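Data first, discussion second: the structure below is written as structure tokens.
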Amino acid sequence: MVSPPELSSQHYNQYYSSNSMAKRKASPCLTDGFLFLGGAFFALLLVWSFSSLFNSTPRFDSTLVESNSLGEGKKPVFPGCGTEGVNLRYDPPDETFYDDPELSYTIEKKVEGWDQKRREWLKHHPSFAAGARERVVLVTGSQPKPCKNPIGDHLLLRFFKNKVDYCRIHGYDIFYNNVLLHPKMKSYWAKIPVVKAAMLAHPEAEWIWWVDSDALFTDMEFKLPLERYKNHNMVVHGWPRLIYEKKSWTSLNAGVFLIRNCQWSMDFMDTWANMGPIGPDYIKWGDIQRSTFKDKLFPESDDQSALVYLLYKEREKYYDNIYLEGEFYFEGYWTEILPTYDNITEKYLEIERGVSRLRRRHGEKVSEFYGAEREQYLKEAGNGRGSWRRPFITHFTGCQPCSGDHNQMYSGESCWGGMVKALNFADNQVLRKYGFMHPDLRDSSSVSPLPFDYPDDGPWG
């Protein structure tokens, strides 16, 4: 169902360039004149760098602080200092929105002036300003109580490990929530209060990325093409034709979405949430959704049908702000993806047998470099159904690993066995950096050390 995308190496290259700055002591034999000229040149270089950084075109009331508003004595922290160039030990006494006693993290109370509040916070925390437009916080979670399914907690742990692995490789922060932030907002509605709280807790981040607990990354190298979404405030996997022509409640999937940390998103989530259990017309919304979407079989209002309804009924208001990503597996249906893993593995090994630099051992921290290198050999792979490119996210929709109450279309064995295979498929991409791999994707306990020149050395694949 995913149409082949026109992804090219440019979508990766924008993330693989890095800035570094090394400090060297001047040699005692240098004259004062040389020192002065060198210092002047370095100062000009810094001025040019910050001018280029902060004068780029903003989007949707960008909250990035301008370079001339950093304030005297508040110098940015450069790459190489602290964690990713930010100062984690600096929180000035200047008042910010956090000092407002009226501030509420709850979903019921509106947040106003959020763009300005974020801008002010970044002004007082200048080390976070650089790179803010591409800063992402991944948010996920599960239920407060132990799983009913005997293997449910183990599966959720592995799904979470997968997300932690992906975030570590790409430098994203991650927040895992396992409490209900509103007693009425349960099940699929629980994500909205968490996302709002995460936006307030992370003013340094431009994007909040919700990923369901039963979704996992199965291409650990791929990175979101954020440049593609620069004119939008939300990204979700979906297809306009299924919304406006077929009027299907499954025309998109709300289990994985990317949302900009801005006032538009705050307002949108208020509207979205009010179609749920906290809204006065919750039962009415369920009836409206069922009458609008004939393929919706259950009576209550749900988050996904609500999102489709807003796009369908208020197209002029929301369509230009919400990007329906259908060019790659922003999230993909597991029954469609699972049978492709073996062929994909062989195709990638085939590439590596012919390209020695892709077989080279390397540190995990430079994994993005090798992802960019590999991209030129994936131009013919396509994307989506029929592709031999690794699917970005495999989503086990309908399997319910915690409760075990899976959709009767599938057997429990197909769900749990499929999850194990997908998790090991992804885990092999991580374990390889540590010198090991699962030789059998169906057996999580099996692990073997890799030979020096894997996969060229030995009967692999």
Side-chain angles (χ1 to χ4, degrees), residues 12 15-16 18 80 83-84 136 138 140 151 153-176 209 211 213 215-224 337-338 340-375 377-378 388-394 417-461:
Y12 286 83
Y15 304 110
Y16 301 120
S18 61
T83 303
E84 297 183 355
V136 177
L138 189 147
T140 186
I151 61 171
D153 288 308
H154 172 71
L155 289 171
L156 289 185
L157 175 63
R158 291 204 62 191
F159 273 95
F160 179 51
K161 175 195 177 298
N162 168 266
K163 295 176 178 72
V164 170
D165 286 339
Y166 181 84
C167 290
R168 184 183 65 253
I169 289 169
H170 295 287
Y172 294 157
D173 285 332
I174 184 170
F175 172 61
Y176 189 98
W209 189 6
V211 182
S213 60
L216 72 147
F217 294 95
T218 40
D219 187 347
M220 305 302 283
E221 291 178 341
F222 187 84
K223 198 165 184 178
L224 287 170
I337 291 174
L338 206 62
T340 67
Y341 287 153
D342 293 336
N343 181 57
I344 290 173
T345 298
E346 179 53 41
K347 288 288 189 179
Y348 275 65
L349 292 178
E350 183 180 330
I351 291 173
E352 294 187 10
R353 290 186 186 103
V355 185
S356 60
R357 67 178 176 275
L358 293 179
R359 301 197 304 269
R360 184 186 179 195
R361 292 178 176 178
H362 57 270
E364 187 180 63
K365 282 293 186 184
V366 295
S367 296
E368 289 189 0
F369 170 82
Y370 289 87
E373 285 289 298
R374 192 188 310 278
E375 186 63 20
Y377 302 99
L378 298 174
W388 53 268
R389 182 190 291 266
R390 291 169 181 157
F392 184 35
I393 293 180
T394 301
M419 290 177 179
V420 168
K421 185 173 183 178
L423 287 162
N424 289 338
F425 176 80
D427 202 31
N428 270 350
Q429 299 169 46
V430 178
L431 278 178
R432 181 171 172 180
K433 310 298 189 303
Y434 295 82
F436 293 86
M437 71 171 292
H438 300 287
D440 184 354
L441 296 183
R442 297 165 299 181
D443 183 3
S444 300
S445 63
S446 66
V447 65
S448 300
L450 294 177
F452 173 71
D453 199 24
Y454 171 82
D456 196 51
D457 182 12
W460 300 93

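A quick note: this is a predicted structure, and the numbers were derived from the prediction, not measured.
With no hydrogens or angles considered, no side-chain donor-acceptor pair links Asp443 and His438 at under 3.5 Å. No hydrogens or angles considered: nothing links the side chains of Tyr454 and Glu352 as a donor-acceptor pair under 3.5 Å. A donor-acceptor pair shorter than 3.5 Å cannot be found between the side chains of Thr218 and Tyr166. With hydrogens and angles left out, the side-chain atoms of Ser446 and Asp440 include no donor and acceptor closer than 3.5 Å.
In this structure Tyr370 satisfies the side-chain contact (heavy atoms from CB on, under 4.5 Å) test together with Arg360, His362, Val366, sequence neighbours excluded. Shown here are the side-chain contact (heavy atoms from CB on, under 4.5 Å) partners of Tyr377, two or more places apart in sequence or in another chain: Ile351, Val355, Arg357, Leu358. Every residue meeting the side-chain contact (heavy atoms from CB on, under 4.5 Å) condition with Arg361, not counting sequence neighbours, appears here in chain and number order: Phe452.
In this structure, the side chains of Cys167 and Val136 stay at 4.5 Å or more apart for every pair of heavy atoms. Taking the side chain as every heavy atom from C-beta outward, Phe425 and Asp342 never approach each other to under 4.5 Å.
The main-chain N or O of Pro439 is never found under 3.5 Å from a side-chain atom of Ser448 such that the two would form a donor-acceptor pair. With hydrogens and angles ignored, the 3.5 Å screen pairs no side-chain donor or acceptor of Lys163 with any backbone N or O of Tyr176.
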Run Arg374 and Glu368 through salt bridge (charged side-chain N to carboxylate O under 4.0 Å, His left out) and show every step you take. CA-CA 10 Å; Arg374 192 188 310 278; Glu368 289 189 0; over 6 Å; no
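With respect to Arg432 and Glu364, no salt bridge is recorded, no charged nitrogen being found less than 4.0 Å from a carboxylate O.
Just one residue in the list Arg359, Glu350, Met437 forms a side-chain contact (heavy atoms from CB on, under 4.5 Å) with Pro455, and that residue is Arg359.
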